[in-house]
Amino acid sequence: QMQLVESGGGSVPPGGSLRLSCEASERIVYPYTTAWFRQAPGKEREFVAANWRNGGNIYYADSVKGRFTMSKDSAKNTLYLQMNDLKPEDTAVYYCAADRRLILSSLRVSAQYDYWGRGTQVTVSS
């Protein structure tokens, strides 16, 4: 059973940057889909970015496109989420997730992912 541990959260002013990391207990290879989600207080968990079945395409939520970049270091079994030009509305707990059997149409559905980290807090405030 894959285990995921996030790190790298913190507090930054608007316009700042952070890089989140997610270390996996297993190799991140096909057919694993990996993703980042976030959850703000009082809101539902929201899709941020995903890499379907370890393929070449990264899918992003419209709200983060052009500002966030998802990447991976295969040698370290680690995912990254580089977040630039952060805004107060990006404030949330950020989670990484993984699943072996996810179909493409379910990419943005948090309930379809089997494996989750505990999350890391990101706060954007002046």
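Each residue takes its place number in the sequence, starting with 1. Worth saying up front: this structure is predicted, and the values here are computed from it rather than measured.
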Looking at S126 and P13, would you say the former's side chain and the latter's main chain have a donor-acceptor pair under 3.5 Å? no
Judged by modelled atom types alone, do Y94 and Q121 share a side-chain donor-acceptor pair under 3.5 Å? no
Rounded to the nearest 0.5 Å, what separation is found between the CD atom of E26 and the CE atom of M2? 4.5 Å
Apply the test side chain to side chain contact (heavy atoms under 4.5 Å, CB included) to residues Y113 and L102: give CA-CA distance (whole Å), side-chain angles for both, the deciding distance (0.1 Å), then the verdict. CA-CA 7 Å; Y113 288 79; L102 201 78; 3.3 Å; yes
Gap between atom CG of N77 and atom SG of C22 - 0.5 Å precision: 10.5 Å
Spatial distance of atom CE (M83) from atom OG1 (T69) [nearest 0.5 Å]: 11.0 Å
Do F47 and V93 sit in the same hydrophobic cluster, where Ile, Leu, Val, Met, Phe, Trp and Tyr count as joined when their side-chain heavy atoms come under 4.5 Å apart? yes
Below 4.5 Å, heavy atoms only, C-beta onward: do T91 and V122 meet side chain to side chain? no
Where the side chain of S125 meets the backbone of T123, is there a donor-acceptor pair that is under 3.5 Å apart? no
Determine whether Y59 and F37 fall in the same hydrophobic cluster, where Ile, Leu, Val, Met, Phe, Trp and Tyr are linked whenever their side-chain heavy atoms lie under 4.5 Å apart. yes
Neighbour count >12 (heavy atoms, 6.0 Å) for atom CD, E44: no
Beyond-backbone contact of D114 with Q1, side-chain heavy atoms, under 4.5 angstrom: no
Do V124 and Y60 belong to the same hydrophobic cluster, where Ile, Leu, Val, Met, Phe, Trp and Tyr are linked whenever their side-chain heavy atoms lie under 4.5 Å apart, directly or via other members? yes
Please walk me through it: do W36 and F68 pass ring pair (Phe, Tyr, Trp, His ring centres under 6.0 Å)? CA-CA 11 Å; W36 290 93; F68 290 12; 9.8 Å; no
Distance-minimising heavy-atom pair for S63 and E46: OG-OE2, 4.1 Å
Tell me whether R45 forms a cation-pi arrangement with Y95, defined as NZ or CZ under 6.0 Å from the six-membered ring centre and within 45 degrees of its axis. yes
Under a 3.5 Å distance rule, please check whether N51 uses its side chain to pair with a backbone N or O of N57 as donor and acceptor. yes
Heavy-atom nearest pair, Y32 first then R27, reads CD1-O, 4.0 Å
In this structure, would Y115 and L79 fall into the same cluster of hydrophobic residues linked by side-chain contacts under 4.5 Å? no
Around atom CD of Q3, are there more than 12 heavy atoms from other residues, nucleotides or ligands closer than 6.0 Å? no
Are any non-hydrogen side-chain atoms of L81 and V48 less than 4.5 angstrom apart? yes
Once you round to the nearest 0.5 Å, how far does CZ of R67 lie from CG of D90? 4.0 Å
dist S7:OG -> L20:CG (nearest 0.5 Å) comes out at 8.0 Å
Less than 4.0 Å between a side-chain N and a carboxylate O, is that true for D62 and K65? yes
Measuring from atom NZ of K72 to atom OG1 of T34, what distance do you get when rounded to the nearest 0.5 angstrom? 7.0 Å
Kindly work out whether a path of hydrophobic side-chain contacts (I/L/V/M/F/W/Y, heavy atoms less than 4.5 Å apart) joins M70 to W52. no
Over all heavy atoms of both residues, which pair between W116 and S110 is shortest? Give the atoms and the distance, please. CZ2-O, 3.3 Å
Should we count CD of E23 as having more than 12 external heavy atoms under 6.0 Å? no
Determine whether the side chains of S17 and N84 contain a donor N or O and an acceptor N or O closer than 3.5 Å. yes
Search all heavy atoms of S21 against all heavy atoms of T78 and return the closest pair with its distance. CB-CG2, 4.2 Å
Given 3.5 Å as the limit, does a donor-acceptor pair link the side chain of E6 with the main chain of C96, or not? yes
